[in-house]
Amino acid sequence: MIYTCTLNPSVDYIVHLDELHVGELNRSVKTFTFPGGKGINVSRVLKRLDVDSTALGFVGGFTGGFIESELRKEGIACDFVHVPGQTRINVKLKAGRETEINGEGPMIADDDATQLIAKIGALSAGDVLVLAGSAPMSLSADMYERLAARAVKRRVRLVVDTSGPALEALLACRPFLAKPNHHELAELFGAAVLTKEDIILYGRRLVERGVEHLIVSMGGAGAFYFGREATLFAEAPKGTVKNSVGAGDSMVAGFLAAHTSGKPIEEAFAYSVAAGSATAFSEDLCTKEEVEALVDRVRVVRL
Ligand SMILES: Nc1ncnc2c1ncn2[C@@H]1O[C@H](COP(=O)(O)OP(=O)(O)O)[C@@H](O)[C@H]1O
Ligand SMILES: O=P(O)(O)OC[C@H]1O[C@](O)(COP(=O)(O)O)[C@@H](O)[C@@H]1O
C-alpha cells in the first residue's frame with residue numbers, strides 16, 4: 001500500500017488576473033479552489049492513474065474539512081490526525097507570471113504529533129511512504145526524521161519530496177525515491193545555481209550515498225534521473241502552461257504508478273516527466289488521458 005504524509009496540507013486558491021497591481025484593488029478573472037499540499041497532490045494524481053493510496057497528515061478547521069471531503073469524493077482513503085487549528089490557505093496568483101503565498105499552517109500539539117508517529121509505526125514491510133512538503137513551524141525540526149526512523153524500522157520504502165535540512169536528513173535514510181528540483185539540489189550542496197554538469201555530479205553522488213531512484217526536476221527544462229543502473233535525461237514536452245502548481249508532485253506520482261506496474265526505468269521516468277508536464281498544461285492536476293497523450297513526446301536520453 002502507498003501512504004502519503006502531508007504535515008502541512010493546504011487549500012490551494014488559484015487566482016487568475018489579467019495584471020497584478022500591487023497596492024491597488026485587483027479583480028480576478030477566474031478562480032479555482034483545490035485540496036493541496038505535496039503528499040495530497042501525490043495521492044490525487046495516483047488515483048487518477050488508477051493507483052490507490054491513503055492520505056496521512058494533519059488537518060483542521062473548515063479548510064481541513066474541505067480537503068478531507070474532496071479527497072473522499074475522489075475515492076481517496078484518508079487517515080488524518082485532526083488538530084484544533086485551521087489548515088492553511090495557499091494563494092497562487094496567475095498574472096502572466098506565477099506568484100505564490102504559502103501560509104504557515106496550524107499549531108500541532110505534541111499529542112497530535114505522537115498520534116501521527118503511531119500511524120507510521122503501524123505500516124508494514126513493503127509499504128511505500130511519501131513524505132512531502134514543508135512542516136508547520138510549530139512542529140519540532142526533527143519531525144521528518146522521527147517519522148522516517150519509524151518507517152525504516154518497519155522496512156517501509158521512503159519517498160522524499162521536501163527541502164532544506166529535512167531533505168538532507170531524509171536522504172541519509174536511503175530513500176527508495178527522492179525528487180528535489182534543481183534549486184533544492186543546489187541548496188543541498190550549498191551552491192547558488194547548478195550547471196547541468198553540476199547536477200550530474202551531485203545526482204550521482206546522492207545515488208552513491210544510498211538514494212535508490214533520484215529525479216532532479218528543472219521545470220520547463222525537463223529532468224534528470226539517477227539510479228544505480230542508469231543516468232537519464234528528458235526534455236519536457238512543449239505546451240501552454242496553465243498552472244504548474246503540483247507539477248513536481250505529479251512527477252512523483254507518475255514515477256510511482258509506472259514503477260509499481262513493472263515498467264522499465266526509462267518508461268517510468270518518461271511517464272513521470274509526462275505527468276509533471278501534463279499538470280503544468282492543465283488547471284488542476286493531470287488526468288491519465290492527459291499523461292498518456294504526452295508520454296510519446298518525451299524522449300529519454302541515456303547519459
Ligand atoms: N513550463 C513547463 N513546461 C513543460 N513542463 C513543465 C513545465 N514546468 C514543469 N514542467 C514539468 O513538471 C516537472 C516538475 O516541475 P518542477 O517545476 O521542476 O517541479 P517542482 O514543482 O517540484 O519545483 C518538470 O520536470 C516538467 O516535466
Ligand atoms: O509545503 P510547501 O512547501 O509549503 O508547499 C505546499 C504547496 O506545494 C504544492 O503541493 C505544490 O507543489 P509543487 O508545485 O512543488 O508540486 C501546493 O499544492 C501547495 O500549496
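One-based numbering, in listed order, for ligands and for the atoms of each.
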Review point. Are any non-hydrogen side-chain atoms of Ser250 and Asn41 less than 4.5 angstrom apart?
Key: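 In short, these two side chains do not touch, never coming nearer than 4.5 Å.
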Review point. Where do Phe281 and Lys238 come nearest, in terms of heavy atoms and distance?
Key: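 Scanning both residues completely, I find the closest heavy atoms to be CZ-C, 3.7 Å.
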Review point. How close do Asp12 and Gly37 get, heavy atom to heavy atom, and via which atoms?
Key: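 Looking at all heavy atoms of both residues, the shortest contact is OD2-N, 4.3 Å.
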Only heavy atoms of [X], strictly under 4.0 Å: list the atoms of ligand 1 that pass.
X: Asn181; result: 23 (O)
X: Gly222; result: 25 (O)
X: Met218; result: 18 (O)
X: Pro237; result: 4 (C)
X: Val241; result: 1 (N), 2 (C)

Side chain, backbone, both or neither: the part of [X] lying under 4.0 Å from ligand 1 by heavy atom:
X: Val273; answer: both
X: Ser277; answer: both
X: Ser250; answer: neither
X: His182; answer: neither
X: Lys179; answer: side chain

Counting non-hydrogen protein atoms only, what is the nearest one to [atom]? Give residue, atom name and distance.
atom: atom 2 (C) of ligand 1; value: Gly220 CA, 3.4 Å
atom: atom 19 (O) of ligand 1; value: Ser217 OG, 3.4 Å
atom: atom 13 (C) of ligand 1; value: Met251 SD, 3.5 Å
atom: atom 21 (O) of ligand 1; value: Gly248 N, 3.3 Å

Exercise for review: Report, as yes or no, whether the 6.0 Å neighbourhood of atom CD on Glu24 holds more than 12 heavy atoms from other residues, nucleotides or ligands.
Suggested key: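 Yes - once you tally the heavy atoms of other residues, nucleotides and ligands closer than 6.0 Å, there are more than 12.
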Pairs of nitrogen or oxygen atoms, one from ligand 2 and one from the protein, closer than 3.5 Å: please tabulate them with distances.
residue: ligand 2; atom: 1 (O); partner: Arg88; partner atom: NH2; Å: 3.1
residue: ligand 2; atom: 1 (O); partner: Ser134; partner atom: N; Å: 2.8
residue: ligand 2; atom: 1 (O); partner: Ser134; partner atom: OG; Å: 2.9
residue: ligand 2; atom: 4 (O); partner: Arg88; partner atom: NH1; Å: 3.0
residue: ligand 2; atom: 4 (O); partner: Arg88; partner atom: NH2; Å: 3.3
residue: ligand 2; atom: 4 (O); partner: Asn102; partner atom: ND2; Å: 3.1
residue: ligand 2; atom: 4 (O); partner: Ser134; partner atom: OG; Å: 3.3
residue: ligand 2; atom: 8 (O); partner: Lys38; partner atom: NZ; Å: 3.0
residue: ligand 2; atom: 10 (O); partner: Lys38; partner atom: N; Å: 3.1
residue: ligand 2; atom: 10 (O); partner: Asn41; partner atom: ND2; Å: 3.0
residue: ligand 2; atom: 10 (O); partner: Asp249; partner atom: OD2; Å: 3.1
residue: ligand 2; atom: 12 (O); partner: Lys38; partner atom: NZ; Å: 2.8
residue: ligand 2; atom: 12 (O); partner: Asp249; partner atom: OD2; Å: 3.2
residue: ligand 2; atom: 14 (O); partner: Gly246; partner atom: N; Å: 2.8
residue: ligand 2; atom: 15 (O); partner: Lys38; partner atom: NZ; Å: 2.9
residue: ligand 2; atom: 16 (O); partner: Gly246; partner atom: N; Å: 3.4
residue: ligand 2; atom: 16 (O); partner: Gly248; partner atom: N; Å: 3.3
residue: ligand 2; atom: 16 (O); partner: Asp249; partner atom: N; Å: 3.1
residue: ligand 2; atom: 16 (O); partner: Asp249; partner atom: OD1; Å: 3.0
residue: ligand 2; atom: 16 (O); partner: Asp249; partner atom: OD2; Å: 3.0
residue: ligand 2; atom: 18 (O); partner: Asp12; partner atom: OD2; Å: 2.4
residue: ligand 2; atom: 18 (O); partner: Gly37; partner atom: N; Å: 3.1
residue: ligand 2; atom: 18 (O); partner: Asn41; partner atom: ND2; Å: 3.0
residue: ligand 2; atom: 20 (O); partner: Ser10; partner atom: OG; Å: 3.3
residue: ligand 2; atom: 20 (O); partner: Asp12; partner atom: OD1; Å: 2.7
residue: ligand 2; atom: 20 (O); partner: Asp12; partner atom: OD2; Å: 3.4
residue: ligand 2; atom: 20 (O); partner: Asn90; partner atom: ND2; Å: 2.8
residue: ligand 2; atom: 20 (O); partner: Lys92; partner atom: NZ; Å: 3.0

Exercise for review: Give the intermediate values and the outcome of side-chain contact (heavy atoms from CB on, under 4.5 Å) for residues Phe189 and Leu206.
Suggested key: CA-CA 11 Å; Phe189 285 93; Leu206 290 182; 4.0 Å; yes
Exercise for review: Hey, could you give me the OG/NZ distance between Ser244 and Lys92, rounded to the nearest 0.5 Å?
Suggested key: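 Going from the OG atom of Ser244 to the NZ atom of Lys92 covers 9.0 Å.
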Point to revise | Between CZ on residue Arg157 and NE2 on residue His213, distance to nearest 0.5 Å | key: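 NE2 of His213 is found 8.5 Å from CZ of Arg157.
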Check your understanding: Given Arg44, which of Asp249, Asp52, Asp284 fulfils the salt bridge (charged side-chain N to carboxylate O under 4.0 Å, His left out) condition?
Key ->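 When salt bridge (charged side-chain N to carboxylate O under 4.0 Å, His left out) is applied between Arg44 and each of Asp249, Asp52, Asp284, only Asp284 qualifies.
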Check your understanding: Distance only, no hydrogens: is a donor on one side chain within 3.5 Å (strictly under) of an acceptor on the other, for Thr4 and Ser53?
Key ->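 Distance-only check fails for Thr4 and Ser53.
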Point to revise | Distance-only side-chain donor-acceptor flag, Thr114 / Asp111, under 3.5 Å | key: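 There is no such pair (donor and acceptor under 3.5 Å, judged by atom type) between the side chains of Thr114 and Asp111.
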Hey, are [X] and [Y] close enough for a salt bridge, meaning a charged N less than 4.0 Å from a carboxylate O?
X: Glu68; Y: Arg72; answer: yes
X: Arg48; Y: Glu290; answer: no
X: Glu266; Y: Arg302; answer: yes

Exercise for review: Answer with yes or no whether Glu184 contacts ligand 1, where contact means a heavy atom under 4.0 Å from a ligand atom.
Suggested key: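 No, Glu184 has no heavy atoms under 4.0 Å from ligand 1.
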Review point. Phe255 ring centre to Lys179 NZ or CZ under 6.0 Å, with the angle to the axis within 45°?
Key: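 Not flagged: Lys179 not positioned over aromatic ring of Phe255.
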Point to revise | The one among Gly219, Ser272, Ala132, Cys286 that brings a heavy atom closest to atom 18 (O) of ligand 1 | key: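 Among Gly219, Ser272, Ala132, Cys286, the closest heavy atom to atom 18 (O) of ligand 1 comes from Gly219.
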Check your understanding: So, is Phe281 polar-close to ligand 1, with some N/O to N/O distance under 3.5 Å?
Key ->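 N/O-N/O distance below 3.5 Å does not exist for this pair.
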